[in-house]
Amino acid sequence: MKPNLRQKFIIGNWKMHTTAAEAGQLAKAIVDGVGIEDRVSVAVCPPFPYLALVGKILPGSRVALGAQNLYPEKEGAFTGEVSPTMLLDLGCKHVILGHSERRHKLGETDAFINKKVRIAFAAGLEVIFCVGETLEQRQASQTEAVLDRQIVQGLAGVPADALPHLIIAYEPVWAIGSTGHHATPQQVQDAHALIRRRFGQMFGKELAQSLVILYGGSVKPDNAGSLLRCDGVDGALIGGASLKADQFIAIVEAGTSAWHTEEESASEPTHNPELEPKQS
Ligand code: 13P
């Protein structure tokens, strides 16, 4: 596959928002609004209690269902937890793992996230694996080291045949939500190149070229076009704007038009600068 013809994704992470009624309305509005054009894969990740409800609205549409978390055991005495089998039973295709809110607010370690990643793959789920540095880490020039650690430890022991089912989401913690900070297209592009290069060192260039890397952090209709046109950005993981159907649909449309242009200019085979050795 040509590096710039990777599958594109726009995925909504509803986090801990919506009531049952709101979740149903939002899902219906998204299904109606995104239509059937399927160049861009679309998914929504509602809270656990509404997966079944939303899962009944999506069939027949181009919108897939994802979960925001799982517990890394098949079943057992784990009060309050949700297993990969349960997610599959509810029709989930994707699961978000390693989100910074779980890393930093709920204390999830790289080792625990790694266990989740391996069990999710073993169950047959597609994993959206989130990585990203905090503001302090960026200011201390630790971005590369942090991303390196999260990738190496989070993906340790993942079998090669699972890797085509992996999506990485680069979500700099400092740009998520209403922090007032926004990542520039250049910062996003640089981080994505770094992630792809590191992944290539672990798993080989070919898999790195086909690896889908999303950006997440205050993606809105007005900045989606410029972020989604960046080299090596294959889509977006969206929080706040995924709770408003019109905004989410506008981002799907921004992605669709950004990638039309990319497809047209990708007819000539080229080398992939993202995978070139880093100049020191
Ligand atoms: P926002 O789009 O609200 O910044 O959230 C990004 C995110 O954390 C998606 O997982």
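What's counted below: heavy atoms across the whole structure, side chains too, no hydrogens, waters or symmetry copies. We count residues from 1, following the sequence as given. Counting starts at 1 for both ligands and their atoms, in listed order.
At a 4.0 Å cut-off, not a single heavy atom of A241 sits close enough to ligand 1 to count as contact.
Other residues, nucleotides and ligands contribute at most 12 non-hydrogen atoms within 6.0 Å of the NZ atom of K28. Residue Q153 qualifies as enclosed at atom CD: its count of foreign heavy atoms under 6.0 Å is above 12.
By the criterion of a heavy-atom distance under 4.0 Å, both the backbone and the side chain of I176 are placed next to ligand 1.
For ligand 1, the atoms closer than 4.0 angstrom to any heavy atom of N13 are 9 (C), 10 (O). When each atom of ligand 1 is checked for a heavy atom of G240 under 4.0 Å away, the hits are 1 (P), 2 (O), 3 (O). Heavy-atom contacts of L237 reach the following atoms of ligand 1: 9 (C), 10 (O) (cutoff under 4.0 Å).
Of the polar atoms of G216, none of the N or O atoms is found under 3.5 Å from an N or O of ligand 1, judged by distance alone. Looking at ligand 1, you won't find any N or O of I238 less than 3.5 Å from one of its N or O atoms.
The distance from atom CG of L214 to atom CD1 of I168, rounded to the nearest 0.5 Å, is 9.5 Å.
The nearest heavy-atom contact from the protein to atom 2 (O) of ligand 1 is G239 N, 2.9 Å. Protein heavy atom nearest atom 7 (C) of ligand 1, with residue, atom name and distance: E171 OE2, 3.2 Å.
Of the listed options Q68, K15, E101, H99, H99 places a heavy atom closest to atom 10 (O) of ligand 1.
Aromatic ring pairs are classed by plane angle as parallel below 30°, tilted from 30° to 60° and perpendicular above 60°; the pair Y71 and F78 is tilted. Using the six-membered ring where Trp is involved, W174 and H181 have ring planes that are perpendicular, over 60° apart on the 30 and 60° scheme.
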**Request:** Apply the test salt bridge (Lys or Arg N to Asp or Glu O under 4.0 Å) to residues E133 and R149: give CA-CA distance (whole Å), side-chain angles for both, the deciding distance (0.1 Å), then the verdict.
**Result:** CA-CA 11 Å; E133 79 288 359; R149 191 201 73 229; over 6 Å; no
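Under 3.5 Å, the side chains of Q68 and H99 contain no donor-acceptor pair of N or O atoms.
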